[in-house]
Peer 1: 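Before I ask anything, here is the structure I am working with.
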Amino acid sequence: MVQLLQAQAVTLRDLIDNFGLVEVRSQSFFPEWQQNLPELSEFEIQYLDKVKAGYLNLRDALPVLERPVQMVIVAPLLFLADFYLPPFQVKTERSIEISEEDEGIVIRGTLDIVILKDNFWLLIIESKRLSFSLEVGIAQLLSYMIASSQPERPSYGLLTNGSNFMFVKLIRSETWQYATSDQFATRNQTNGLYDAFRILKRIGQL
């Protein structure tokens with residue numbers, strides 16, 4: 001009998017047991033979040049400071065749900081990174097389904113945002129309400145990345161609750177392998193959006 005799971009309810013253990021998912025902790029597996037990052041212009045710094053100010057104003061009106069996080073924080077970053085311009089396309093609320101016939105499991109869900117480049121799913125973005133830890137969304141994001149993955153090409157994901165940002169890389173070789181970046185906090189004294197945005201631009205250059 002086929003077991004149907006909603007992506008929001010999937011755990012890392014589900015993905016490990018049914019899809020052979022493995023976490024890689026070697027820094028050489030995911031260098032894109034640390035190496036060859038573009039420098040920020042003065043305009044970009046000022047813009048990101050304004051996004052941070054918008055976040056702080058939003059935070060003071062708790063609870064902050066997913067949609068405001070997308071509008072106030074995610075959308076401005078995508079605009080600044082030129083992801084709304086060719087060769088990129090931004091799609092929202094895409095339905096996905098993945099299955100593992102041997103295990104009799106099907107996972108369904110609707111991803112928040114996907115950025116396409118030349119019809120390749122370059123980056124999947126999953127946003128959570130401010131009160132949620134990013135740990136809550138890792139398995140859900142990885143489910144979407146597995147569903148959209150193309151053989152022999154890495155997939156990238158961004159998980160954010162507005163307060164924190166974390167990037168994920170997924171590759172399928174003999175098994176599904178993934179790694180995560182550090183987390184970057186918006187409210188840091190040195191604006192954490194600086195680092196998150198530099199990584200976002202780096203992924204766009206790949």
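Keep in mind the model is a prediction, meaning the values are calculated, not measured.
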Peer 1: Please check if atom CD in Q34 has more than 12 non-hydrogen atoms from other residues, nucleotides or ligands closer than 6.0 Å.
Peer 2: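 Counting other residues, nucleotides and ligands, CD of Q34 exceeds 12 neighbours.
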Peer 1: If you look at every heavy atom in S28 and S26, which pair is closest and at what distance?
Peer 2: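 Heavy atoms of S28 and S26 come nearest at OG-OG, 2.8 Å.
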Peer 1: State, yes or no, whether a side-chain contact exists between F88 and L122 at a heavy-atom distance under 4.5 Å.
Peer 2: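 The answer is yes; the side chains approach within 4.5 Å.
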Peer 1: Mind checking whether R187 and R59 have side chains closer than 4.5 Å, heavy atoms only?
Peer 2: yes
Peer 1: Heavy-atom count around Y84 OH within 6.0 Å, excluding the residue itself: above 12?
Peer 2: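 Buried by this count: over 12 neighbours within 6.0 Å.
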Peer 1: Answer yes or no: is there a side-chain heavy-atom contact under 4.5 Å between L116 and L123?
Peer 2: no
Peer 1: For side-chain contact (heavy atoms from CB on, under 4.5 Å), just list the numbers for Y194 and D49, CA-CA rounded to whole Å, side-chain angles, deciding distance to a tenth of an Å, and then say yes or no.
Peer 2: CA-CA 9 Å; Y194 297 166; D49 287 342; 2.6 Å; yes
Peer 1: Any side-chain heavy-atom pair from L200 and F167 closer than 4.5 angstrom?
Peer 2: yes
Peer 1: Quick check for you: to the nearest 0.5 Å, what is the distance between I124 atom CD1 and S143 atom OG?
Peer 2: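 The OG atom of S143 is 10.0 Å from CD1 of I124, to the nearest 0.5 Å.
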Peer 1: Quick one, L141 with L158, criterion side-chain contact (heavy atoms from CB on, under 4.5 Å). Give me CA distance, side-chain angles, the key distance, then yes/no.
Peer 2: CA-CA 8 Å; L141 176 61; L158 169 59; over 6 Å; no
Peer 1: Counting distance only, does the side-chain N/O of S155 pair as donor-acceptor with the main-chain N or O of I146 below 3.5 Å?
Peer 2: no
Peer 1: Are M145 and V22 grouped together when hydrophobic residues (ILVMFWY) are joined by side-chain heavy atoms under 4.5 angstrom apart?
Peer 2: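 No: no chain of side-chain contacts under 4.5 Å links M145 to V22.
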Peer 1: Quick one, L21 and T175 - any side-chain contact, counting heavy atoms below 4.5 Å?
Peer 2: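 No, side chains not in contact.
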Peer 1: Check whether any side-chain N or O of Y47 sits under 3.5 Å from a backbone N or O of P76 as a donor-acceptor pair, and report yes or no.
Peer 2: yes
Peer 1: Check for a donor-acceptor pair, side chain of K52 on one end and backbone N or O of N188 on the other, with a separation under 3.5 Å.
Peer 2: yes
Peer 1: Can you confirm whether Y178 sits close enough to I171 that some side-chain heavy atom of one is under 4.5 Å from a side-chain heavy atom of the other?
Peer 2: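 No; the side chains remain at least 4.5 Å from each other.
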Peer 1: So how far is it from L170 CG to T180 OG1, rounded to the nearest 0.5 Å?
Peer 2: 12.5 Å
Peer 1: Assign the ring pair F30 / Y156 to parallel, tilted or perpendicular, where the plane angle (0 to 90°) is split at 30° and 60°.
Peer 2: tilted
Peer 1: Taking the six-membered ring of F29, is the NZ or CZ of K169 close enough (under 6.0 Å from the centre) and on axis enough (within 45°)?
Peer 2: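 Yes - K169 lies over the ring of F29, closer than 6.0 Å to its centre and within 45° of its axis.
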Peer 1: So, does R202 use its side chain to make a donor-acceptor pair with the main chain of E32 at under 3.5 Å?
Peer 2: no
Peer 1: Of all heavy-atom pairs between N161 and N164, which one has the smallest distance, and what is that distance?
Peer 2: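 Nearest heavy atoms, N161 then N164: OD1-N, 2.8 Å.
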Peer 1: Tell me if a side-chain donor or acceptor on N18 pairs with a main-chain N or O of L15 at a distance below 3.5 Å.
Peer 2: no
Peer 1: Using a 3.5 Å distance criterion without hydrogens, assess whether the side chain of T160 forms a donor-acceptor pair with backbone atoms of G162.
Peer 2: yes
Peer 1: Are R153 and R172 packed together at the side-chain level, in the sense that at least one heavy-atom pair is separated by less than 4.5 angstrom?
Peer 2: no
Peer 1: Could you give the distance from CG (L58) to CE (M71), rounded to the nearest 0.5 Å?
Peer 2: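 If we round to the nearest 0.5 Å, L58:CG and M71:CE are 9.5 Å apart.
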Peer 1: Check this for me: Q205, atom CD, are more than 12 non-hydrogen atoms of other residues, nucleotides or ligands nearer than 6.0 Å?
Peer 2: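 Counting other residues, nucleotides and ligands, CD of Q205 exceeds 12 neighbours.
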Peer 1: If only atom types and distance count, is the side chain of E44 paired as donor or acceptor with the main-chain N or O of S41 below 3.5 Å?
Peer 2: yes
Peer 1: Give, for atom OG1 of T186 and atom CG of D195, the distance between the pair rounded to the nearest 0.5 Å.
Peer 2: 11.0 Å
Peer 1: Please say yes or no: joined through hydrophobic side-chain contacts below 4.5 Å, possibly via intermediate residues, are V114 and L85 part of one cluster?
Peer 2: no
Peer 1: So, do I113 and K91 sit near enough that their side-chain heavy atoms are less than 4.5 Å apart?
Peer 2: no
Peer 1: If you measure from CG on L80 to CZ on F43, what distance do you get to the nearest 0.5 Å?
Peer 2: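 The distance works out to 6.0 Å.
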Peer 1: With a cut-off of 6.0 Å (strictly less than), are more than 12 heavy atoms of other residues, nucleotides or ligands near CD of Q89?
Peer 2: no
Peer 1: Could you tell me whether a side-chain N or O of N191 sits under 3.5 Å from a main-chain N or O of L48, the two making a donor and an acceptor?
Peer 2: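 Yes; at least one donor-acceptor contact below 3.5 Å.
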Peer 1: Check the pair W33 / D182 against side-chain contact (heavy atoms from CB on, under 4.5 Å), numbers first and verdict last.
Peer 2: CA-CA 9 Å; W33 73 270; D182 286 346; 3.3 Å; yes
Peer 1: If you apply the rule ring-ring contact (aromatic ring centres under 6.0 Å, His included), what do you find for F165 with F184, and how did you get there?
Peer 2: CA-CA 5 Å; F165 290 77; F184 305 98; 8.3 Å; no
Peer 1: Can you tell me how far OG1 of T11 sits from CD of Q140, rounded to the nearest 0.5 angstrom?
Peer 2: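 Atom-to-atom, Q140:CD and T11:OG1 are 12.5 Å apart.
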